[in-house]
Amino acid sequence: MDSKGIINIELLFCTLIIILLLIVNLPMIEQNLNSNMEIDENSKARFLLNHVSDSINEVNSKEYGFNKKIRLPESINGYHYSILIDDNEVITEFNNKKGKSNINPIKIVDPTNRTVDNVQLYGGRTYLIKKTVINDNKTHTINQSSILIMQVSN
């Protein structure tokens with residue numbers, strides 16, 4: 001028997017095994033890539049939540065009148081998002097996902113110094129976070145610490 005024929009059969013057999021291994025492993029590789037992209041999205045959303053909650057906690061821990069501006073990115077990996085801030089947490093929603101970050105309990109007010117339940121923030125905008133004082137005779141609230149969050153121009 002010719003040795004060239006044996007080499008060709010071995011090459012054909014090795015090629016067949018490599019093709020079978022690729023067919024079996026490609027779905028796992030694709031799944032790992034999709035998982036990495038999802039982890040990247042979730043990390044960016046988590047970083048954004050931590051930035052907003054840390055900014056609110058920082059302003060709340062300072063003296064009255066202290067303020068800080070934050071600029072939110074347009075999107076998270078191309079997905080539009082919104083952030084809801086209530087008295088003890090920051091929540092974001094994007095791409096049918098939801099994330100939460102706790103903050104120190106706060107009283108939120110609007111620009112007219114009236115207490116509100118929550119504030120909605122949107123991507124691509126700049127917001128001012130300011131520590132103020134509530135003096136409301138109707139609710140008998142005097143000199144209570146509060147946080148004003150309002151949109152401002154860049």
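Note that this is a predicted model, so its numbers are computed, not measured.
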For the atom pair [atom1] ([X]) and [atom2] ([Y]), what is the distance rounded to the nearest 0.5 Å?
X: Thr126; Y: Arg71; atom1: OG1; atom2: CZ; answer: 4.5 Å
X: Ser82; Y: Leu84; atom1: OG; atom2: CG; answer: 7.5 Å
X: Thr132; Y: Leu148; atom1: OG1; atom2: CG; answer: 6.0 Å
X: Phe66; Y: Glu58; atom1: CZ; atom2: CD; answer: 4.5 Å

So, the side chain of [X] versus the backbone of [Y]: is there a donor-acceptor pair under 3.5 Å, distance only?
X: Arg125; Y: Gln151; result: no
X: Tyr122; Y: Glu74; result: no
X: Asn95; Y: Lys97; result: no
X: Arg46; Y: Lys100; result: yes
X: Asn60; Y: Ile56; result: no
X: Tyr79; Y: Asn96; result: no

Quick check: is [Y] connected to [X] through a chain of hydrophobic side chains (ILVMFWY, heavy atoms under 4.5 Å apart)?
X: Leu49; Y: Ile147; result: yes
X: Ile129; Y: Val109; result: no
X: Phe47; Y: Ile103; result: no
X: Leu121; Y: Val59; result: yes
X: Phe13; Y: Leu21; result: yes

Kindly give the heavy-atom pair with the smallest separation between [X] and [Y], and that separation in Å.
X: Met28; Y: Asn25; answer: CE-OD1, 2.9 Å
X: Ile85; Y: Val52; answer: CD1-CG1, 4.0 Å
X: Pro111; Y: Met150; answer: CG-SD, 4.1 Å
X: Leu48; Y: Tyr81; answer: CD2-CE1, 3.5 Å
X: Ser153; Y: Lys69; answer: O-NZ, 4.3 Å

Start with the C-alpha distance between Lys131 and Glu63, add both sets of side-chain angles, then the distance that settles side chain to side chain contact (heavy atoms under 4.5 Å, CB included), and finish with yes or no. CA-CA 7 Å; Lys131 186 167 185 177; Glu63 68 278 353; over 6 Å; no
Decide if atom [atom1] of [X] counts as having more than 12 heavy atoms of other residues, nucleotides or ligands within a radius under 6.0 Å.
X: Arg114; atom1: CZ; answer: no
X: Asn88; atom1: CG; answer: yes
X: Gln31; atom1: CD; answer: no

Contacts of Ser75 meeting side-chain hydrogen bond (donor to acceptor under 3.5 Å, both in side chains) (sequence neighbours excluded), chain-then-number -> none
Walk me through it: do Lys98 and Thr92 pass the test side chain to side chain contact (heavy atoms under 4.5 Å, CB included)? CA-CA 6 Å; Lys98 192 174 192 178; Thr92 187; over 6 Å; no
Within a strict 4.5 Å, meaning less than it, do heavy atoms of the [X] and [Y] side chains meet?
X: Asn77; Y: Phe94; result: no
X: Ile106; Y: Ser146; result: no
X: Ile83; Y: Ile91; result: no

Does Leu128 form a side chain to side chain contact (heavy atoms under 4.5 Å, CB included) with Ile149? I'd like the steps, not just the answer. CA-CA 6 Å; Leu128 176 73; Ile149 302 172; over 6 Å; no
Is there a side chain to side chain contact (heavy atoms under 4.5 Å, CB included) between Thr115 and Ile108? Walk through the geometry before answering. CA-CA 6 Å; Thr115 303; Ile108 303 172; over 6 Å; no
